[in-house]
Amino acid sequence: MQTSNQASTPVFPPASGMRILYSKSQISERVQALGQKISADYAGQSIVLIGVLKGAAIFLSDLARAINVDATFDFVAVSSYGRARVSSGAVKLIKDIDNPIERKHVIIVEDILDTGLTLSYLRGLMLQHKPASLKIATCLDKPERRLVPIEADYVGFKIPNQFVIGYGMDYAERYRNVEDIRLFPEEAGGH
Ligand code: IMP
């Protein structure tokens, strides 16, 4: 017999049954390459990596260790899709940067560049602080989904319009700790 509590509990299928889009080792190889590119581009300079919570936390921690120039971290948090995964189009800042970035070389680090609403909002916001330069690094890019014109300077992988989880990315806050990037099944709510 199903209790009312069970009936309202969402189903989270195990990640082990989801198709791997990029394996742990493929991600690691790509992140190393991005780190080398960033290190070359900013050789002899200091950079500020601004991670977008929570999705980019794991990508930032790996990317930062693949970069060999002087770097500091900061984090911002914005309103997310929540469980619905449908963007309202309105982005809200929940947590701002802690330290000034004026005249600093800044890279915003994001998990997925999707419609572009989040990053164009954040880019506008960060530019108000007058950084010396501002670039964007994203683990994944879904160019088909773009609603506003914005491109990242450093892209891990370009992917089609599929919902993914793992490597920091969630479905209803689950699966962030999955090591591979996997396709979330459509029948469970992935688009
Ligand atoms: P944008 O503002 O539409 O570019 O939204 C970007 C944010 O949407 C990302 O930072 C993710 O948090 C979330 N998002 C977009 N696609 C996916 C996905 O396939 N899996 C998990 N989160 C996603």
Side-chain angles (χ1 to χ4, degrees), residues 20-78 80 87 91 97 99 101-170 176 178-182:
I20 294 178
L21 190 58
Y22 294 105
S23 68
K24 182 184 170 184
S25 61
Q26 286 174 307
I27 299 167
S28 162
E29 207 173 295
R30 189 69 194 114
V31 171
Q32 287 305 316
L34 285 181
Q36 280 171 18
K37 175 86 174 77
I38 291 172
S39 303
D41 290 353
Y42 292 90
Q45 293 176 313
S46 296
I47 59 174
V48 183
L49 299 173
I50 301 183
V52 185
L53 294 171
K54 305 168 203 161
I58 292 179
F59 176 47
L60 183 140
S61 78
D62 283 347
L63 183 66
R65 285 175 291 177
I67 293 172
N68 61 21
V69 300
D70 179 54
T72 58
F73 299 172
D74 213 327
F75 292 94
V76 290
V78 291
S80 73
S87 175
V91 184
I97 47 173
N99 298 305
I101 54 168
E102 196 178 338
R103 293 190 304 273
K104 302 217 165 149
H105 295 292
V106 173
I107 304 177
I108 302 177
V109 181
E110 174 64 306
D111 58 352
I112 308 187
L113 175 50
D114 191 31
T115 64
L117 292 166
T118 307
L119 277 173
S120 48
Y121 168 77
L122 282 175
R123 185 177 60 182
L125 212 61
M126 294 305 137
L127 283 173
Q128 291 175 12
H129 292 279
K130 305 208 181 321
S133 68
L134 182 64
K135 286 193 183 181
I136 293 170
T138 188
C139 182
L140 299 180
D141 183 7
K142 292 187 196 174
E144 283 170 38
R145 297 251 311 158
R146 210 73 91 244
L147 291 178
V148 288
I150 183 162
E151 293 306 323
D153 303 279
Y154 305 100
V155 176
F157 303 100
K158 277 202 160 104
I159 65 165
N161 180 14
Q162 287 167 312
F163 198 82
V164 297
I165 54 92
Y167 199 64
M169 291 164 274
D170 75 310
R176 291 194 196 277
V178 172
E179 288 184 302
D180 313 294
I181 296 173
R182 293 179 183 249

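Given the structure is predicted, the values throughout are model-derived calculations rather than measurements. Only heavy atoms go into these numbers, but all of them, side chains included; no hydrogens, no water, no symmetry mates.
- Contact detail for Arg30 and Val155: the closest heavy-atom pair is NH2-O, 2.9 Å.
- Within the 4.5 Å cutoff, the side chain of Ile165 has heavy atoms near those of the Phe163 side chain.
- To the nearest 0.5 Å, atom CD1 of residue Ile136 and atom CD1 of residue Ile107 are 10.5 Å apart.
- The shortest non-hydrogen separation linking Tyr167 to Glu179 is CD1-O, 4.1 Å.
- Here the shortest heavy-atom pairing between Leu113 and Thr138 reads N-OG1, 3.3 Å.
- Remark: the backbone N or O of Gln26 is not paired with any side-chain donor or acceptor of Glu29 at under 3.5 angstrom.
- Looking at heavy atoms from C-beta onward, Leu117 lies in side-chain contact with Leu147 at the 4.5 angstrom threshold.
- The nearest pair of heavy atoms linking Pro149 to Arg123 is O-NH2, 4.2 Å.
- Residues Ile112 and Met169 form a side-chain contact, since some pair of their non-hydrogen atoms from C-beta on lies under 4.5 Å apart.
- Nearest heavy-atom pair, Phe59 versus Glu110, reported as atom, atom and distance to 0.1 Å: CD2-O, 3.5 Å.
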Set out, in order, the CA-CA distance, both residues' side-chain angles and the distance that settles side chain to side chain contact (heavy atoms under 4.5 Å, CB included) for Arg176 and Lys54, then state yes or no. CA-CA 9 Å; Arg176 291 194 196 277; Lys54 305 168 203 161; 3.8 Å; yes
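- Side-chain contact between Val76 and Leu53: absent, with no pair of heavy atoms (C-beta onward) separated by less than 4.5 Å.
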Which side-chain N or O atoms in residues 65-72 pair as donor and acceptor under 3.5 Å with protein atoms at least two apart or in another chain?
residue: Arg65; atom: NE; partner: Ser61; partner atom: O; Å: 2.8
residue: Arg65; atom: NH2; partner: Asp62; partner atom: OD1; Å: 2.9
residue: Asn68; atom: OD1; partner: Ser39; partner atom: OG; Å: 3.3
residue: Asp70; atom: OD2; partner: Ser46; partner atom: OG; Å: 2.6

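- Taken to the nearest 0.5 Å, the CG atom of Leu63 stands 9.0 Å off from the SG atom of Cys139.
- For the residue pair Gly116 and Ile150, the shortest heavy atom distance occurs at CA-CG2, 3.7 Å.
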Tell me, with the steps shown, if Arg146 and Glu151 meet side chain to side chain contact (heavy atoms under 4.5 Å, CB included). CA-CA 9 Å; Arg146 210 73 91 244; Glu151 293 306 323; 3.4 Å; yes
CA sep, side-chain torsions, deciding dist, call: His105, Gln45, side chain to side chain contact (heavy atoms under 4.5 Å, CB included): CA-CA 8 Å; His105 295 292; Gln45 293 176 313; 3.3 Å; yes
Could you please spell out the steps behind the side chain to side chain contact (heavy atoms under 4.5 Å, CB included) verdict for Leu49 and Asp74? CA-CA 6 Å; Leu49 299 173; Asp74 213 327; over 6 Å; no
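- Partners of Tyr154 by ring pair (Phe, Tyr, Trp, His ring centres under 6.0 Å), not counting sequence neighbours: none found.
- Note that NZ of Lys24 and CG of Asp180 are 8.5 Å apart. Values are rounded to the nearest 0.5 Å.
- A salt bridge links Asp114 with Arg145: at least one charged nitrogen is closer than 4.0 Å to a carboxylate oxygen.
- Salt-bridge formation is not detected for the pair Lys37/Asp153: no Lys NZ or Arg NE/NH1/NH2 atom is positioned less than 4.0 Å from an Asp or Glu carboxylate oxygen.
- With sequence neighbours excluded, no residue forms a side-chain hydrogen bond (donor to acceptor under 3.5 Å, both in side chains) with Lys130.
- Distance check: Ile50 CD1 to Asn99 CG gives 9.5 Å after rounding to the nearest 0.5 Å.
- Note that CE of Met126 and CG of Leu119 are 10.5 Å apart. Values are rounded to the nearest 0.5 Å.
- Rounded to the nearest 0.5 angstrom, Ile101 CD1 and Gln128 CD are separated by 10.0 Å.
- Looking at Phe75 and Val52, their side chains never come closer than 4.5 Å, going by heavy atoms from C-beta outward.
- Using a 4.5 Å cut-off on side-chain heavy atoms (C-beta onward), Val78 and Leu122 make contact.
- Residues Arg182 and Val164 have side chains not in contact (no heavy-atom distance under 4.5 Å, counting atoms from C-beta outward).
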